[in-house]
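Shown next, in structure tokens, is the structure this report addresses.
What you are looking at is a predicted structure, and each value in this text was computed from that prediction instead of being measured. Per chain, numbering begins at 1; letters A, B, ... match sequence-line order.
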There are 2 protein chains.
Amino acid sequence: MQITDPTPHTTEASRATARRQQILAAAAQCFREHGFHGASIARISKIAGMSAGHIYHYFENKEAIIAAIVAQDLETLLTLTAELRAACNVRHALIERAAEGVLDQLDPDSAALKVEIVAEAARNSHVAQIVREADATCRRELMVTIRAIRSAAGHDDTPEATADMVEVLAALFEGLLLRTIRNPELDRKHVAQRIQLAINDLLDQPG
Amino acid sequence: MQITDPTPHTTEASRATARRQQILAAAAQCFREHGFHGASIARISKIAGMSAGHIYHYFENKEAIIAAIVAQDLETLLTLTAELRAACNVRHALIERAAEGVLDQLDPDSAALKVEIVAEAARNSHVAQIVREADATCRRELMVTIRAIRSAAGHDDTPEATADMVEVLAALFEGLLLRTIRNPELDRKHVAQRIQLAINDLLDQPG
DNA sequence: TAACATAGAATGAGCGTTCGATCTAGAATA
DNA sequence: TATTCTAGATCGAACGCTCATTCTATGTTA
């Protein structure tokens, strides 16, 4: 299966961007199916519908493609937490959104790539840096959100306590990535409900 | 049909087992540092202190080494849940053990390998099968344990509800593997305490 | 001596990457 | 308008290297 570009490119710039995106889409598919090291430039180029050599017109090397994929994946996470923070009744918004977020995390295809990214971060310092910076931003956002919810409920937590709660919340969510791979038959809807309950309890934990 | 002696000389047998273990230890280190596909037989053999070709005296191919590493890693998980199940006051045992288990999960070195295994399971059906069988066993054990705790507290849950709770518990634990990679600076002791509280709440959720 | 342990070279495939040759579309020019 | 020029897009062959695996020869030991 080959990824073709359906949009005609009026300018040179858009053509180049489209081509880049085409490569990234092909690479994401390959990385999902074979991992960062198992996916070859030859395979990526075949799916992207261009020669292997031509890939190097748009990316310096394979590492740069990996970095771009990682950055792209993390960007969606960043917008999600930012969006969450913007909601007016934050507690309600958080718990409502949670069910949706849980189902997203439980999609096996996207989970595979996300897990691959963390695995790569454990051994590739460049990827680790990108991942950790994005994570730090997310945590900061979540800390503000959770602090707002908690102080509305009369809790005056230390920053450390808030950070710990964020970690538990994050573990809960990210753990789903592993669960959907280890147990693809799990009941997605009911697990989402249980997670909502657990988040609710977490927000009421003593300081 | 000729029957050969099933028990060869102990020295030969132990020597072979030791050599096998030597290879597995070297492979585990390489897989942690470079991933399953990034680690070469040459590198593994160098760390194991033998020639590359000699590895094939003990393992059919690289895939067999991966399978052995995966099976070995999952075995420790199986004994842990079995051990948990054997405790008399299960609720107390579960929560006590939890803190210890959390700290184990937060060890970055072992986390890297565990995450690598799940990432490989997402694309290698042989590894997936091993992982999913072990996971099913763990879930079955945990379901019995949780059901015992819940019914002692007066809850009569459906098997489905219990399975969902197990999923949340598992997600919480396994999520820590990703957290310790994404945020190595997290406060391990305090996060462990928060997790204990969360598990406590989970066990009191409505049916 | 017989059987096993081990080394290390050989093999062929595939890797990431480079590079020079072609193609193509639009600007410049006549 | 017709022709030439040009710069980027694109290809595909080639390179040097490493990979997993096999094979052969040599120790080693009982």
Shortest side-chain distance from [X], nucleotide among [options]:
| X | options | answer |
| --- | --- | --- |
| H57(B) | dT17(C), dT6(C), dT22(D) | dT6(C) |
| H54(B) | dA5(C), dT17(C), dG16(C) | dA5(C) |
| S51(A) | dA20(D), dA7(C), dC11(D) | dC11(D) |
| S40(B) | dT10(D), dC19(D), dC15(C) | dC19(D) |
| M50(B) | dA7(C), dC15(C), dG12(D) | dA7(C) |
| N61(B) | dT21(D), dA7(C), dC11(D) | dT21(D) |
| R43(A) | dG16(C), dT21(D), dC15(C) | dC15(C) |
| Y58(A) | dA9(D), dG16(C), dC11(D) | dA9(D) |
| Y56(A) | dT17(C), dT21(D), dC15(C) | dT17(C) |

Step-by-step side-chain contact (heavy atoms from CB on, under 4.5 Å) determination, V191(A) to I195(A): CA-CA 6 Å; V191(A) 167; I195(A) 297 265; 4.1 Å; yes
More than 12 heavy atoms from other groups under 6.0 Å of CD on E75(B): no
[X] [atom1] to [N] [atom2]: how many Å, rounded?
| X | N | atom1 | atom2 | answer |
| --- | --- | --- | --- | --- |
| I23(A) | dT10(D) | CD1 | C1' | 12 Å |
| I55(A) | dC15(C) | CD1 | P | 13 Å |
| H34(B) | dC19(D) | NE2 | C1' | 14 Å |
| R19(B) | dA5(C) | CZ | C1' | 8 Å |
| I41(B) | dG8(C) | CD1 | C1' | 16 Å |
| K62(B) | dT21(D) | NZ | P | 8 Å |
| H37(B) | dG16(C) | NE2 | C1' | 17 Å |
| E60(B) | dA20(D) | CD | P | 15 Å |

Parallel, tilted or perpendicular, as decided by the 30° and 60° cut-offs, for the rings of Y58(B) and H54(B): perpendicular
Stepwise side-chain contact (heavy atoms from CB on, under 4.5 Å) check, V166(B) with T145(B): CA-CA 10 Å; V166(B) 167; T145(B) 305; over 6 Å; no
K62(B) side-chain N/O to A39(B) backbone N/O, donor-acceptor pair under 3.5 Å: yes
